[in-house]
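A quick write-up on the structure given underneath.
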Amino acid sequence: MKKLIFFILLTIFISVSFYAEATAKFITTEAAKKESVEESVSYLKAQVAKLTVPAEKRAVYIFLASLQEQLALYEDAQKSYAQAAAISSGDAEGMPKRSNEQIVLDAVRCALSSGDYATADSYLNSAVRNSKNTEIQALIKLYTQWSALCRAETSEDLNEPVVMLQAYLKLDNLISIRPQILLTLWYITGDNSYANQLSKAFPSSIETAIVKGDVQLLPTPFWFFVPKLGEAVADSGSFTSTHTVSAASSEENSKAAKFTKYQLGLFRTESNARLLADEVAKKGFDSYITTETRASGTTYYIVLVRENAQGNVADRLRSAGYDCYGVD
């Protein structure tokens, strides 16, 4: 009898162990082992579809969205963040803590990066607007003005958001977004007084590094095509196209050299794609535009740059301040 009970318990244990669902921590750890970010994204997409535990599924969607955002796949990232935010659950064990309100704002940021202000506005007008969190409310105010800038087609359209951002600078409860406000005003108006305020008040911020020229503000659709009241010129800074390449980055470059072309941006409007293609062409890159029609029926215009005989196009693009990733 004891042997029979032992056998039954052992069988149950083996069955449970065999059919146990993978955790978000395990899946994301495995994803990080892949040879490229693109492979990690494909792996995560396959795994998240299999998950049934809400907390684990939510955590994997967040991780997937963060990688898609790194690849400048802003529309895909926006959707992944939105799917994560739609799951009513807490944080998965062993994974970073993130509230649904924060995830919604991540989706807003990605929507704006892809120039989709309508989707950004729909998220901003959701339940997140009733948040009691002061930092969330500050970001809602900032992203609302960024959405207005994203919609702007003429310099006159900039007047209201610029006035609002200037007013926000005077509010102590919005100090958490003050670096972003100063950077935005400097970029839009070209007024160096905003850069000076930024450098003085927030010397260690990423925004200060941008105005000094130490870090490049990548030409995503939102920033690159917004009308400007003046030309913002960064200081000389310490950014240079020549740099020492570590062994790790050399290995990465050797892999990158296998690609025949690199994608810089994906746009709904052909004229915007043409602006970016012409911009990089003037800097000596072999750029061109292709189209892709999604299942939704929307046609996108994709800006691509061909690899050269030296195999160093990716490095040159990033050194020039253009985010890119290799495609076959």
Side-chain angles (χ1 to χ4, degrees), residues 62 65-66 69 72 74-75 77-78 81-82 85 98-153 155 157-191 193-211 215-230 232:
I62 294 171
S66 68
E69 190 172 2
Y74 298 115
E75 184 181 18
Q78 171 256 119
Y81 279 130
R98 198 144 189 85
S99 71
N100 274 21
E101 291 176 342
Q102 290 173 311
I103 301 169
V104 169
L105 292 185
D106 289 334
V108 171
R109 183 182 62 251
C110 290
L112 289 175
S113 292
S114 66
D116 187 359
Y117 55 80
T119 297
D121 286 346
S122 70
Y123 292 147
L124 287 170
N125 291 323
S126 67
V128 71
R129 197 170 285 279
N130 300 320
S131 174
K132 304 299 182 184
N133 185 300
T134 55
E135 290 191 6
I136 294 294
Q137 283 296 335
L139 284 171
I140 289 172
K141 287 180 170 59
L142 175 67
Y143 290 171
T144 298
Q145 299 313 315
W146 277 4
S147 180
L149 292 172
C150 190
R151 290 194 300 273
E153 296 181 355
S155 58
D157 295 332
L158 301 175
N159 292 334
E160 184 175 341
V162 166
V163 168
M164 291 300 297
L165 290 170
Q166 290 170 334
Y168 289 165
L169 285 177
K170 302 173 184 177
L171 301 178
D172 291 338
N173 63 330
L174 298 183
I175 192 169
S176 62
I177 60 169
R178 195 166 291 171
Q180 294 99 312
I181 295 173
L182 288 168
L183 175 67
T184 305
L185 287 170
W186 166 77
Y187 183 81
I188 298 299
T189 67
D191 186 344
S193 67
Y194 295 118
N196 294 334
Q197 291 180 59
L198 181 56
S199 300
K200 183 177 180 180
F202 306 97
S204 301
S205 67
I206 188 68
E207 291 80 11
T208 294
I210 290 172
V211 302
V215 172
Q216 296 294 300
L217 184 63
L218 297 174
T220 56
F222 164 56
W223 283 107
F224 192 65
F225 297 114
V226 65
K228 292 194 279 292
L229 299 175

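- The main-chain N or O of Ala111 is never found under 3.5 Å from a side-chain atom of Asp116 such that the two would form a donor-acceptor pair.
- For the pair Gln145 and Lys141, the minimum side-chain heavy-atom distance is 4.5 Å or more.
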field: CA sep, side-chain torsions, deciding dist, call: Asn196, Ser199, side-chain contact (heavy atoms from CB on, under 4.5 Å)
entry: CA-CA 5 Å; Asn196 294 334; Ser199 300; 5.6 Å; no
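- Between Leu165 and Ile181, the shortest heavy-atom distance links the atoms O-CG2, 3.4 Å.
- Here the side chains of Tyr123 and Val128 are not in contact, with every heavy-atom distance at 4.5 Å or above.
- Side chains of Glu101 and Ser131: a donor-acceptor N/O pair is present below 3.5 angstrom, by distance only.
- Smallest separation of non-hydrogen atoms from Glu69 and Cys110: CD-SG, 3.5 Å.
- Taken to the nearest 0.5 Å, the CG atom of Leu174 stands 9.5 Å off from the OG1 atom of Thr134.
- At a cut-off of 3.5 Å, with distance as the only test, a side-chain donor of Ser147 or Arg151 sits close to an acceptor on the other residue.
- Side-chain polar atoms of Asp191 and Ser193 form a donor-acceptor pair below 3.5 angstrom.
- Other residues, nucleotides and ligands contribute over 12 non-hydrogen atoms within 6.0 Å of the CD atom of Gln197.
- Nearest heavy-atom pair across Pro203 and Thr208 is O-CG2, 3.7 Å.
- Closest approach of Asp106 to Arg98, counting heavy atoms only: OD2-NE, 2.9 Å.
- Checked by atom type, the side-chain pair Gln166/Tyr194 shows a donor-acceptor distance below 3.5 Å.
- The environment of Tyr117 atom OH is sparse: at most 12 non-hydrogen atoms of other residues, nucleotides or ligands sit within 6.0 angstrom.
- Note: Arg178 CZ to Leu171 CG = 8.0 Å, rounded to the nearest 0.5 Å.
- Distance check: Lys200 NZ to Leu182 CG gives 12.5 Å after rounding to the nearest 0.5 Å.
- Residues Ser99 and Gln102 form a side-chain contact, since some pair of their non-hydrogen atoms from C-beta on lies under 4.5 Å apart.
- Note that the CG atom of Leu183 and the OG atom of Ser205 stand 8.5 Å from one another [nearest 0.5 Å].
- Atom CG of residue Leu112 and atom CG of residue Leu124 lie 7.0 Å apart, to the nearest 0.5 angstrom.
- The two atoms that bring Pro227 and Leu158 nearest to each other are O-CD1, 3.1 Å, heavy atoms only.
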task: Show your working on side-chain contact (heavy atoms from CB on, under 4.5 Å) between Thr144 and Arg129 and close with a plain yes or no.
output: CA-CA 11 Å; Thr144 298; Arg129 197 170 285 279; 3.8 Å; yes
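- The nearest pair of heavy atoms linking Val211 to Ala195 is CB-CB, 4.1 Å.
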